[in-house]
Amino acid sequence: MDLPLTSRTLALAAVSCLAMALSGCSESPSDAAFNAKVRAYLLAHPEVLREAMTKLEENDRAATAKAALAAIKANRAAIERDPRDFVANPRGTITVTEFYDYNCGYCKTISPQVVALIRENPDVRFVFKEFHIFQEPSSLRGARAALLSRPSGRYLQVHQQMMAQKPLQPAQVDAILRANGIDPGPLDNPAAMVAIDRQLADIQALAAKLHLDGTPGFIIGDTLVPGADMDAVRAAIAQARARR
């Protein structure tokens, strides 16, 4: 999963701060003696810091999962039923929503598996969310181009071709549109992009509510699958089938 900042880094920083605080000096002799003992213990047993860091990460994941579940339930319609999104297998009874960026290496790696899942499972209604998380010109241009292609009926082809570019360049975005019979001109016309940019802003806001800070991210029912874990996606789909 591509992440701007990992919770592990934050946890490690927190544990380090704790260790420094416990080993610090105090004007009170009794506090100084206690701190010295704690410092000696930590130096003799550094694995305690690792255990503390692991516990912090577990607590962070649990809190994030709880918040994400509440957000999924509160934003179900926006996640699954925004009429502006492209949907593959629209009559499917199980909905999978993916948030991705065209410059996300993991998104590119699993893209063929995503397409195969769609083709092999007609009961899976697959929602595409253009979540341009990277500050790359081609990320935004790619997201705009994908939505621009939707009325032409060539969305999935454009999507696959942009995912296949490693990395995706702005000129390639335009070339892919032209190859699919779509004029890329509107991409450079702010007035023509008003509706598309509003949709992209709504997706950004939705991702923030869901605590999605990396790509790809999948939502199946009440299950959030962060990262390129297609086994977990398939397992969530199987669970959804079993419930039905």
Worksheet entry | Check against side-chain contact (heavy atoms from CB on, under 4.5 Å), Met163 and Val114 | CA-CA 11 Å; Met163 279 295 182; Val114 168; over 6 Å; no
Worksheet item: Would Lys108 and Lys166 satisfy side-chain contact (heavy atoms from CB on, under 4.5 Å), going step by step from the backbone distance to the final call?
Response: CA-CA 8 Å; Lys108 290 178 180 293; Lys166 301 177 182 181; 3.8 Å; yes
Practice prompt. For side-chain hydrogen bond (donor to acceptor under 3.5 Å, both in side chains), just list the numbers for Arg125 and Thr95, CA-CA rounded to whole Å, side-chain angles, deciding distance to a tenth of an Å, and then say yes or no.
Written response: CA-CA 5 Å; Arg125 179 180 174 274; Thr95 298; 3.3 Å; yes
Worksheet item: When you look at Asp202 and Arg84, which way does the side-chain contact (heavy atoms from CB on, under 4.5 Å) test go after all the steps?
Response: CA-CA 11 Å; Asp202 290 344; Arg84 300 171 297 177; 2.9 Å; yes
Fill in: Working for salt bridge (charged side-chain N to carboxylate O under 4.0 Å, His left out), residues Asp101 and Lys129
CA-CA 9 Å; Asp101 183 295; Lys129 290 285 189 184; over 6 Å; no
Discussion item. Could you go through Asn121 and Arg241, starting from their C-alpha distance and side-chain angles, then the distance that decides it, and tell me whether this counts as side-chain hydrogen bond (donor to acceptor under 3.5 Å, both in side chains)?
Written reply: CA-CA 11 Å; Asn121 298 272; Arg241 285 198 183 105; 2.8 Å; yes
Fill in: CA sep, side-chain torsions, deciding dist, call: Lys55, Glu51, salt bridge (charged side-chain N to carboxylate O under 4.0 Å, His left out)
CA-CA 6 Å; Lys55 184 61 177 178; Glu51 292 172 6; over 6 Å; no
Practice prompt. Test Tyr100 against Glu130 for side-chain hydrogen bond (donor to acceptor under 3.5 Å, both in side chains), laying out the working first.
Written response: CA-CA 6 Å; Tyr100 54 87; Glu130 307 287 343; 2.6 Å; yes
Fill in: Check against side-chain contact (heavy atoms from CB on, under 4.5 Å), Leu210 and Ile219
CA-CA 10 Å; Leu210 297 171; Ile219 296 176; 3.5 Å; yes
Practice prompt. Evaluate the criterion ring-ring contact (aromatic ring centres under 6.0 Å, His included) for residue pair His159 and Phe128; output intermediate values, then yes/no.
Written response: CA-CA 10 Å; His159 172 85; Phe128 290 76; 5.0 Å; yes
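The minimum heavy-atom distance between Ile182 and Ser152, with the atom names listed, is CD1-OG, 3.4 Å. Summarising the geometry of Leu212 relative to Gly217, their closest heavy-atom pair is CD2-CA, 4.3 Å, with the distance given to 0.1 Å. Listed here is the closest heavy atom pair of Pro184 and Arg141: O-NH2, 4.5 Å. Of all non-hydrogen atoms in Gln172 and Pro167, the two that sit nearest each other are OE1-O, 3.2 Å. Shortest non-hydrogen contact noted between Gly142 and Leu168 is CA-CD2, 4.4 Å. Taking all atoms of both residues into account, the shortest heavy-atom contact from Ile118 to Asn89 is O-ND2, 2.9 Å.
Atoms CG and CZ, from Asp197 and Arg144 in turn, are 4.0 Å apart once rounded to the nearest 0.5 Å. Atom NE2 of His132 sits about 12.0 Å away from atom OG1 of Thr215, to the nearest 0.5 Å. Taken from CG in Leu187 to CD1 in Ile196, the straight-line distance is 7.5 Å, to the nearest 0.5 Å. Between atom CD of residue Glu47 and atom OG1 of residue Thr54 there is a gap of 12.0 Å, rounded to the nearest 0.5 Å. Between the CG atom of Asp222 and the NZ atom of Lys73 there is a distance of 5.0 Å, given to the nearest 0.5 Å. Interatomic distance, His211 NE2 to Ile72 CD1, rounded to the nearest 0.5 Å: 10.0 Å.
Here the side chains of Leu177 and Asp183 are not in contact, with every heavy-atom distance at 4.5 Å or above. The side-chain heavy atoms of Phe134 and Cys104, taken from C-beta on, include a pair separated by under 4.5 Å. Between Tyr106 and Pro216, the closest side-chain pair of non-hydrogen atoms falls below 4.5 Å. Inter-residue side-chain proximity for Ile176 and Gln165 is flagged as met; some heavy-atom pair is nearer than 4.5 Å. In this structure, Gln161 and Asn180 have side chains that are in contact, with non-hydrogen atoms separated by less than 4.5 Å. Side-chain contact between Phe218 and Leu224: absent, with no pair of heavy atoms (C-beta onward) separated by less than 4.5 Å.
If you chain together hydrophobic residues whose side chains sit under 4.5 Å apart, Val127 and Val158 never meet in one group. Following chains of ILVMFWY side-chain contacts shorter than 4.5 Å, one cannot reach Ile79 starting from Val87, and the two form parts of different hydrophobic clusters.
Residues Ser138 and Asn103 have side chains that bring a donor and an acceptor to within less than 3.5 angstrom of each other. There is no side-chain donor-acceptor pair under 3.5 Å between Asp82 and Gln199. In summary, the side chains of Asp123 and Thr93 do not present any donor paired with an acceptor at a separation below 3.5 Å, with no hydrogens or angles considered.
Of the possible donor and acceptor atoms, none in the side chain of Arg154 sits under 3.5 Å from a partner among the backbone N and O of Gly181. With hydrogens and angles disregarded, no donor-acceptor distance shorter than 3.5 Å links the side chain of Ser139 to the backbone of Gln135.
Partner Arg234 forms a side-chain contact (heavy atoms from CB on, under 4.5 Å) with one of Val124, Leu117, Asp229, Ile220 and no other, that one being Leu117.
The six-membered or imidazole ring of Phe126 lies away from that of Phe86, with a centre-to-centre distance of 6.0 Å or more.
Note: His45 and Tyr41 have tilted aromatic rings, judged against thresholds of 30 and 60 degrees for the angle between ring planes.
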